[in-house]
J.: 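Structure incoming, see below.
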Amino acid sequence: MTPQELAAQLARILAEILEARGGGETVAVTEADTAVERPKNREHGDWASNAAMKFAKRVGANPRELAQQIAEAVAALEGIAKAEVAGPGFINITLDAASAGETARRIVEQGEAYGRSELLAGERINMEFVSANPTGPLHLGHTRWAALGDSISRVLRAAGAQVTNEYYINDAGAQMDKFGRSVLAAALGEPAPEDAYPGEYIQELGKKALAAIPGLPDLAMTDRAAALAAVQEAAYQQQLAEIKDSLDRFNVHFDVFFSERTLHAPGPGGEPSPIEAAIDRLREQGHVFEADDAIWVRTTDYGDDKDRVFTRGNGIYTYFAADAAYYLSKKDRGFGEKIYLLGADHHGYVGRLTALAGAAGDNTETDITVLIGQLVNLNGARLSKRAGNIVELDDLLEWLGSDALRYWLARYPADSPLALDGEKLRSRTNDNPVFYVQYAHARSCAVDRNAVAAGIDRSAFEPALLTHETETELLGKLQQYPGIVAGAAELREPHRIARYLEELAASFHRWYDNCRVIPQGDEPAGDLHRTRLWLNDASGQVIRNGLDLLGVSAPERL
RNA sequence: GCCUCUGUAGCUCAGGGGAUAGAGCGCCGGUUUCCGGUACCGUAGGUCGGGGGUUCGAAUCCCUCCAGGGGCACCA
């Protein structure tokens with residue numbers, strides 16, 4: 001029996017009791033109200049509920065007395081060994097071994113599906129993250145969002161949502177022009193312009209542009225503007241391709257790369273550009289006004305701290321105007337919730353983006369979510385462009401590997417600042433959690449291999465035999481997994497998966513140390529060994545499922 | 001100045017109002033001739049930044065103060 005099933009039973013029982021006490025008046029009780037917890041103390045049973053304390057006041061009852069009534073009904077359920085009242089009104093529930101052990105078979109049978117749910121079924125979610133300018137390689141500053149965003153997306157999908165991963169390419173505007181001039185100068189061997197992008201990669205892009213565009217030096221002499229345009233475009237495509245390659249190596253996959261340029265471009269028949277159309281739509285809604293020779297949007301109507309401009313004095317659209325058109329594009333493409341994953345250096349955007357959703361006629365509570373993540377540093381050094389000590393994602397992948405990097409970046413809440421220690425990520429002992437978890441998986445695979453050789457198979461399953469303390473503990477952990485995934489999806493916190501996997505791996509190692517699957521010495525193989533093989537395989541399966549949600553591999557050997 | 005995040009063991013950090021606040025590392029001490037010891041077990045280590053409040057119950061929610069990170073563009 002899983003904790004969710006237990007919670008559902010509890011909710012039913014509690015509702016009946018409250019109805020009887022209230023003279024037939026129904027009281028709504030949800031599974032969330034009766035969610036059970038794994039007590040820290042083993043003497044408090046397998047699962048504990050505080051539902052009696054929560055509801056006692058509401059119905060004017062004595063908590064312990066109400067708990068007692070619930071406990072008696074729970075104890076009568078099939079699969080329950082005992083249910084006791086403790087402390088101020090906790091209900092401590094112990095499953096019988098067979099009921100608890102049944103989980104092992106269920107996990108093996110469900111395989112990859114174990115942990116998936118329909119919690120968010122029917123929801124269409126747009127998940128935008130990374131969105132780094134295509135003017136240079138991805139670096140550590142982007143990696144946290146890449147790892148986190150992709151994992152959130154995987155977790156949401158596991159909860160049944162339909163998610164589109166989207167990367168917004170800032171391929172319009174001054175930064176691109178600067179990028180083009182930088183690469184052109186590099187291609188022609190000219191000194192770098194005053195404000196040029198620094199970095200060796202500019203030289204590389206210059207060489208590639210020179211090779212790709214025949215007669216570039218001549219063209220630059222006769223028509224500088226044409227040469228610049230050609231180089232800029234070639235370098236942009238090259239850089240974007242390299243970014244995609246890096247993300248691919250990082251096991252991060254986008255469904256849509258959305259070009260900002262398309263928002264500025266008029267339609268084929270001269271129709272207004274998406275930006276113009278967006279401004280018109282917002283104007284029709286009464287959110288747009290003109291002042292000081294500029295077009296404004298009244299975001300203060302939706303809680304922003306100041307109104308924002310759509311056009312600069314020179315008539316050019318601001319970045320925010322493109323944001324507005326982009327938001328409307330997402331809305332028009334049928335997405336309900338739009339999630340933005342931004343770095344803490346962009347937290348000032350939360351107010352205006354949220355207001356934009358409101359102005360677009362969306363619900364600012366449910367249709368937009370802006371997740372703000374704190375910044376990362378590695379070995380004590382902040383890795384920012386400004387400081388000049390960029391560490392490129394490709395270098396990090398080569399040094400640390402995708403698995404270690406993804407795992408470490410995903411194992412902390414987004415709002416917690418993160419300090420990575422490069423040596424720790426490389427270590428192959430249990431001070432490196434990714435290794436510890438992967439080792440548990442590899443170990444379960446080793447047991448499988450040995451079981452085959454020893455003639456142990458899954459032809460018998462007697463869950464009532466799984467009575468060792470470490471087996472009860474391991475089964476409890478395995479039962480928690482679906483709830484962990486659901487919670488991670490609801491809260492958009494994939495680090496819960498990582499923390500859970502570390503606990504699961506610890507339970508697995510402890511069990512392995514105490515309970516043998518392969519008989520020792522002359523001991524004959526029995527149903528206990530065969531049943532334990534199910535438990536071993538179930539553990540490996542859950543670790544595999546969990547690591548997949550983090551985009552981390554589960555090798556069979558290390 | 002305003003907004004925002006953070007403050008928990010020596011270090012890096014978990015902890016969705018519940019029972020005696022946890023993990024890893026580090027320190028000290030142990031363990032199975034045999035399924036991978038890359039593991040497991042144990043000891044020590046805490047004014048949960050300070051102070052108020054809400055609650056039967058607060059590391060958790062609210063207020064305030066202190067300290068640190070980030071942000072406050074007709075830039076992108």
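Quantities reported herein were computed from a predicted structural model and do not represent experimental measurements. Letters A, B, ... are given to chains in the order of the sequence lines, protein chains preceding strands, and every chain is numbered from 1. Quick note: numbers below take in every heavy atom, side chains included, and nothing from hydrogens, waters or symmetry partners.
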J.: When you compare B:G53 with B:C40, how far apart are their P atoms, in angstrom units rounded to a whole number?
T.: 45 Å
J.: Kindly determine whether A:Arg298 and A:Asp304 satisfy side chain to side chain contact (heavy atoms under 4.5 Å, CB included), including the steps that lead there.
T.: CA-CA 9 Å; A:Arg298 193 169 283 112; A:Asp304 197 6; over 6 Å; no
J.: Are A:Lys40 and B:U20 close enough that a side-chain N or O sits under 4.0 Å from OP1 or OP2?
T.: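 False: A:Lys40 side-chain N/O out of range (4.0 Å or more) of B:U20 OP1/OP2.
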J.: From NZ of A:Lys424 over to C1' of B:G26, roughly how many Å is that when rounded to an integer?
T.: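 A:Lys424 atom NZ is separated from B:G26 atom C1' by 9 Å.
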J.: Write down the distance separating the C1' atoms in B:A73 and B:G68, rounded off to the nearest Å.
T.: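 26 Å, rounded to whole Å.
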J.: Taking the six-membered ring for Trp, does A:Phe90 stack with B:A19 (centroid gap under 5.5 Å, planes within less than 30°)?
T.: yes
J.: Applying side-chain hydrogen bond (donor to acceptor under 3.5 Å, both in side chains) to A:Arg406 and A:Ser151, what does each step give before you reach the verdict?
T.: CA-CA 9 Å; A:Arg406 284 209 57 159; A:Ser151 295; 3.3 Å; yes
J.: Phosphate oxygens OP1/OP2 of B:C75: is one of them under 4.0 Å from a side-chain N or O of A:Arg312?
T.: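 Result: yes.
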J.: When the C1' atoms of B:U64 and B:G57 are compared, how many Å lie between them, rounded to an integer?
T.: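 Roughly 23 Å separates the two C1' atoms.
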J.: Determine the interatomic distance between C1' on B:C65 and the same-named atom on B:C28; round to the nearest Å.
T.: 41 Å
J.: Using a cut-off of 4.0 Å on non-hydrogen atoms, how would the nucleic acid contact of A:Met53 be classed: base, sugar-phosphate, or nothing?
T.: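 Here A:Met53 touches the bases of the nucleic acid.
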J.: By the 4.0 Å heavy-atom rule, please label A:His44 as base, sugar-phosphate, or nothing.
T.: base
J.: Taking atom types as they are modelled, is there a donor-acceptor pair under 3.5 Å from the base of B:A39 to the side chain of A:Asn514?
T.: no
J.: P atom, B:C48 versus B:U60: distance in rounded Å?
T.: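 Comparing P positions in B:C48 and B:U60 gives a spacing of 10 Å.
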J.: With a 4.0 Å limit, can you tell me whether A:Arg499 has a side-chain N or O closer than that to the phosphate oxygens OP1/OP2 of B:G15?
T.: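 The answer is no; no side-chain N or O of A:Arg499 sits under 4.0 Å from OP1 or OP2.
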J.: Please determine if A:Arg510 and A:Asp513 form a salt bridge, counting it only when a charged side-chain N lies under 4.0 Å from a carboxylate O.
T.: no
J.: Give RNA chain B the dot-bracket treatment, 5' to 3': Watson-Crick (N1-N3 with N6-O4 or O6-N4) or G-U (N1-O2, O6-N3) under 3.5 Å, [ ] crossing, | other strand.
T.: (((((((..((((....[...))))..((((.......))))......(((((..]....))))))))))))....
J.: Are OP1 or OP2 of B:A14 and a side-chain N or O of A:Ser416 less than 4.0 angstrom apart?
T.: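 Yes.
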J.: Please give the distance between the P atoms of B:A59 and B:G22 as a whole number of Å.
T.: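 The same atom, P, in both gives a distance of 13 Å.
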J.: Is the distance between the ring centroids of A:Phe258 and A:Tyr167 under 6.0 Å?
T.: no
J.: Base, sugar-phosphate, or nothing: which does A:Asn314 touch, judged by heavy atoms less than 4.0 Å apart?
T.: nothing
J.: What pair of heavy atoms forms the shortest contact from A:Glu471 to A:Leu535, and how long is it?
T.: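 Shortest heavy-atom contact: CG-CD2, 4.2 Å.
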J.: Check every strand shown and say whether A:Gly343 touches a base, only sugar-phosphate, or nothing at a heavy-atom separation below 4.0 Å.
T.: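 If one applies the 4.0 Å heavy-atom cut-off, A:Gly343 turns out to touch nothing in the nucleic acid.
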J.: When you measure from the side-chain N and O atoms of A:Arg496 to the phosphate of B:G16, is any distance below 4.0 Å, counting only OP1 and OP2?
T.: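 For B:G16, OP1/OP2 do have a side-chain N/O of A:Arg496 under 4.0 Å.
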J.: Please measure how far the C1' atom in B:G15 lies from the corresponding atom in B:A21, and state the result in whole Å.
T.: 8 Å
J.: What is the distance, rounded to the nearest whole Å, between atom CZ of A:Arg510 and atom P of B:A39?
T.: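 Value for this atom pair: 13 Å.
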J.: What residue pairs, at least two apart or across chains, pass side chain to side chain donor-acceptor pair (under 3.5 Å) with a residue in residues 31-40 of chain A?
T.: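 Side chain to side chain donor-acceptor pair (under 3.5 Å) check on residues 31-40 of chain A returns A:Thr30-A:Asp33.
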J.: For B:A44 and B:G24, measure between their P atoms and round to the nearest Å.
T.: 15 Å
J.: Using 30° and 60° as the class boundaries, would you call the ring planes of A:Phe179 and A:Tyr197 parallel, tilted or perpendicular?
T.: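 Correct class here is perpendicular.
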J.: OP1 or OP2 of B:C72 less than 4.0 angstrom from a side-chain nitrogen or oxygen of A:His346, does that happen here?
T.: no
J.: Using a strict cut-off of less than 4.0 Å between a Lys/Arg side-chain nitrogen and an Asp/Glu carboxylate oxygen, indicate whether A:Arg42 and A:Glu469 qualify as a salt bridge.
T.: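 A:Glu469 and A:Arg42: not salt-bridged.
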J.: Should A:Tyr436 be listed as having a side-chain N or O under 4.0 Å from OP1 or OP2 of B:C40?
T.: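 Answer is yes, contact under 4.0 Å.
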J.: Among the candidates B:C40, B:C3, B:U12, find the nucleotide nearest to the side-chain atoms of A:His347.
T.: B:C3
